[in-house]
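Only this structure's heavy atoms are used, side chains among them; waters, hydrogens and symmetry mates stay out. Because the structure is predicted, anything quoted here is derived from the model rather than measured.
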Amino acid sequence: MKMILLRKFRVLILMVFLVACSMHIMIDLLPKLERSGNSGCSCSHTPSEEPQNWAKQSWPNKHTLRILQDFSNEPSSNVSSHSLERLPGAGDKKQSLRRMEPLGADRKRPLIQDAGVTKNVAPRGSRLSALYDHPLYKRALPTLTDEDTLFNVNTDIRFDPKVADETEWNGEGAAVNEFSPTGELTADSYPNWLRFHIGINRYELYSRHNPVIDALLKDLVTQRITSVAMKSGGTQLKLIMTFQNYGQALFKPMKQTREQETPPDFFYFSDFERHNAEIAAFHLDKILDFRRVPPVAGRLVNMTKEIRDVTRDKKLWKTFFISPANNVCFYGECSYYCSTEHALCGKPDQIEGSLAAFLPDLALAKRKTWRNPWRRSYHKRKKAEWEVDPDYCEEVKQTPPYDGGTRLLDIMDMTIFDFLMGNMDRHHYETFEKFGNETFIIHLDNGRGFGKHSHDELSILVPLTQCCRVRKSTHLRVQLLAKEEYKLSSLMAESLLRDRLSPILIQPHLDAMDRRLRQVLRVLAECIEKEGYSYVVEDDLQGEPGPEPGHSGPRRR
């Protein structure tokens, strides 16, 4: 009798197992059957109109159930998993659409204003125009040779439109007569990102009044985005966006509002990266006449149409979800702030961000990465050597490439630039390898600037206080920007009006720059009083830039 019961129990277990397997197989086949049954339907739902519907779409060869399982298995992702499971059903669609009806009027307007709109353009006779007409902003560069330009247009760069997938690669409706008889494009009809690359030389990323830069800024906010991928490395999420004209830009999404300040207990290395700081840094760099920040523009991005629907990055795609507020969100993968608790959410699926134009590919123009001598320790308790040694600059000035040339003066320029922004996160910098040590520092990655308007971080000025060196052109421009007619805050406010996401900075940040500028002048005045004007101020306005004899060695006390 016991044997008979045991056999029946085994048969029962086997039947339960077979039924469970059959149910899993049916669940797997159900989405495919639904897609095949609807293959004849030519309708499509716009994600921006019904953000909750995107969850029904699936990554190729992946069905919705599997994606839900992937979410639930990831650490700290319960919110996203539950959000997907609680998506409204068919009966809730009308109610969801009613909630979104107030957005209907806005939906009819284009996301990006037309370039012809004049309200964001500085009027003639403005302070900014007067600044750029000042003699300090009209200094000519030395004569450029082939060794001074990053590319030789005649021999190194060719662009054949025949190999492009898009016939209108040069923008919307490129004219046919722009093509040369040989089938290649002339330099004047290259896309703006390529013309920007061609203009890079030993002394600047772009010239002062180059019309290509304004055209490139317009491209950053109007060009159709064709693909998106996460940028590898870094502590926070950044996306690489590719446009219809094959240009690329680095997208940093909005993480904080304009009014939010960095909490006082935050370490500089764990602070948020701010998209508006990247935009403001580009304008500040231009007003200071450094021109070492790649062009940056703000853009309002549709997260469904312009990120999720065009990305082929599976890891990025899997982090999209719908929030309890019915907004589209994603969080990506990175070292900091990439979790559902720090997700980036649209309203309902639109988000602000900065787009920084890419520099030339490293395969075409190699760059060298240098450790900043005044790099912070990036440790909660340890201090860097420069923080405990007041004579640290003497060691730096005996070390190549700071023992000669203009590199130390470039560090001083970068110090002033960072102090005005309040940026403490300058651990490395880059230069173009072709130009050796006699070239400028590229001011990349400025997202941790403009975090605190109520605090001036004087430790950022330590390189200037320890070395007491500055270019004459920089010294004169800093003095000029402290005058009422060329007030830095007013110039920045006017310049930032040109960006599509204006206002970029709130007034307290603009006022803080004026306050910090006066602090820079006080430090330089103390240096001049202590060391003498001829030692502190390096005259770069006579002949080619470079140190005067006797000033390249270590300072003697």
Side-chain angles (χ1 to χ4, degrees), residues 122 126-137 261-262 274 276-293 374 409-426 441 443 446 448-497 503-530 533 536-538 540-541:
S126 65
R127 293 194 187 198
L128 206 58
S129 299
L131 178 75
Y132 293 143
D133 284 338
H134 192 278
L136 275 174
Y137 291 79
E261 273 200 285
T262 302
R274 288 163 284 275
N276 60 318
E278 292 284 358
I279 301 168
F282 166 70
H283 290 261
L284 176 62
D285 180 78
K286 188 177 180 181
I287 288 174
L288 290 171
D289 201 38
F290 294 153
R291 289 166 285 116
R292 300 165 193 171
V293 174
W374 281 270
L409 297 172
D410 288 335
I411 293 289
M412 300 302 112
D413 286 347
M414 186 170 64
T415 296
I416 295 173
F417 175 63
D418 283 337
F419 180 68
L420 293 175
M421 294 191 298
N423 178 28
M424 302 171 66
D425 188 38
R426 188 71 68 183
I441 289 174
H443 295 166
N446 306 295
R448 286 195 170 121
F450 299 103
K452 295 180 181 179
H453 55 73
S454 57
H455 172 70
D456 299 338
E457 184 55 52
L458 296 179
S459 65
I460 302 174
L461 276 182
V462 167
L464 192 63
T465 57
Q466 288 184 347
C467 295
C468 278
R469 303 297 297 279
V470 69
R471 281 186 171 92
K472 183 176 182 179
S473 59
T474 300
H475 189 214
L476 292 176
R477 280 193 296 270
V478 170
Q479 294 179 78
L480 184 69
L481 296 174
K483 296 182 178 179
E484 185 62 33
E485 59 268 35
Y486 298 106
K487 196 173 182 181
L488 178 58
S489 60
S490 300
L491 291 168
M492 279 291 291
E494 182 180 331
S495 184
L496 290 172
L497 280 175
I504 302 300
L505 296 176
I506 59 175
Q507 189 62 40
H509 279 299
L510 297 173
D511 296 337
M513 282 191 286
D514 289 333
R515 185 177 68 243
R516 292 163 185 167
L517 189 70
R518 293 192 293 270
Q519 181 67 27
V520 171
L521 288 173
R522 281 196 292 269
V523 169
L524 290 175
E526 292 172 1
C527 284
I528 291 172
E529 183 179 358
K530 179 174 61 175
Y533 181 88
V536 175
V537 180
E538 194 77 31
D540 63 328
L541 299 179

- Can you list the steps and then say if Phe290 with Thr474 is a side chain to side chain contact (heavy atoms under 4.5 Å, CB included)? CA-CA 9 Å; Phe290 294 153; Thr474 300; 3.9 Å; yes
- Task: In sequence, state the C-alpha distance, the side-chain angles, and the governing distance for Asp285 and Asn446, and then conclude on side chain to side chain contact (heavy atoms under 4.5 Å, CB included).
- Result: CA-CA 11 Å; Asp285 180 78; Asn446 306 295; over 6 Å; no
- Would you check, one step at a time, whether the test side chain to side chain contact (heavy atoms under 4.5 Å, CB included) holds for Val523 with Val520? CA-CA 5 Å; Val523 169; Val520 171; 5.8 Å; no
- side chain to side chain contact (heavy atoms under 4.5 Å, CB included) assessment of Tyr132 paired with Lys286: CA-CA 10 Å; Tyr132 293 143; Lys286 188 177 180 181; 3.6 Å; yes
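Residues Ala277 and Gly449 come closest through the heavy atom pair CB-O, 3.2 Å. Across Ala281 and Phe450, no two heavy atoms sit closer than the pair N-CE1, 4.2 Å. Between His283 and Ser495, the shortest heavy-atom distance links the atoms ND1-OG, 2.6 Å.
Considering CG of Leu461 and OG1 of Thr415, their distance stands at 7.5 Å, rounded to 0.5 Å. To the nearest 0.5 Å, atoms CD1 (Ile416) and NE2 (His475) are separated by 8.5 Å. The structure places CD1 of Ile441 at 4.5 Å from CG of Asp410, a figure rounded to the nearest 0.5 Å. With rounding to the nearest 0.5 angstrom, the CG atom of Leu524 is 5.0 Å from the CG atom of Leu464. To the nearest 0.5 Å, the span separating CD on Gln466 from CE on Met412 amounts to 9.0 Å.
When the side chain to side chain contact (heavy atoms under 4.5 Å, CB included) test is applied to Ala525, no partner is found at least two apart in sequence or on another chain. Among residues two or more places apart in sequence or in another chain, the side chain to side chain contact (heavy atoms under 4.5 Å, CB included) test is passed with Ile506 by Arg258, Glu259, His453, Pro508, His509. In this view, Arg291 and Glu204, Asp289 satisfy the salt bridge (Lys or Arg N to Asp or Glu O under 4.0 Å) rule, not counting sequence neighbours. Considering only residues two or more places apart in sequence or on other chains, Gln507 meets the side chain to side chain contact (heavy atoms under 4.5 Å, CB included) condition with Leu510, Asp511. Contacts of Tyr533 classified as ring pair (Phe, Tyr, Trp, His ring centres under 6.0 Å), with partners at least two apart in sequence or in another chain: none. Here Phe282 pairs with nothing under the ring pair (Phe, Tyr, Trp, His ring centres under 6.0 Å) rule; sequence neighbours left out. Residues satisfying the side chain to side chain donor-acceptor pair (under 3.5 Å) test with Glu457, not counting sequence neighbours, are His455, Ser459. When the salt bridge (Lys or Arg N to Asp or Glu O under 4.0 Å) test is applied to Arg515, the partners found at least two apart in sequence or on another chain are Asp456. Residues passing the side chain to side chain donor-acceptor pair (under 3.5 Å) test with Asp418 are Asn423, Arg426, sequence neighbours excluded. Applying the side chain to side chain contact (heavy atoms under 4.5 Å, CB included) criterion to Leu476, with sequence neighbours excluded, gives Leu136, Lys472, Gln479, Leu541. Taking the salt bridge (Lys or Arg N to Asp or Glu O under 4.0 Å) definition, one finds that Asp413 meets it with Arg292, Arg471, sequence neighbours left out.
Looking only at side-chain heavy atoms (C-beta outward), Asp540 and Leu409 stay at 4.5 Å or farther from each other. Side-chain contact between Met424 and Arg448 is absent, with no heavy-atom pair separated by less than 4.5 Å. Two residues are said to be in side-chain contact when any heavy atoms from C-beta on lie closer than 4.5 Å; Val293 and Phe417 meet this criterion. Under the 4.5 Å side-chain criterion, counting only non-hydrogen atoms from C-beta, Met513 is in contact with Leu284. Leu481 places a side-chain heavy atom less than 4.5 Å from the side chain of Leu131.
A donor-acceptor pair shorter than 3.5 Å cannot be found between the side chains of Arg516 and Gln519.
Here the side chain of Tyr137 pairs a donor or acceptor atom with the backbone of Ile287 at under 3.5 angstrom. For the pair Glu538 (side chain) and Val470 (backbone), a donor-acceptor distance under 3.5 Å is absent.
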Name every donor-acceptor pair, under 3.5 Å, that has one atom in a side chain of residues 484-492 and the other anywhere in the protein, sequence neighbours excluded.
residue	atom	partner	partner atom	Å
Ser489	OG	Asp514	OD2	2.5
Ser490	OG	Arg127	NH1	3.3

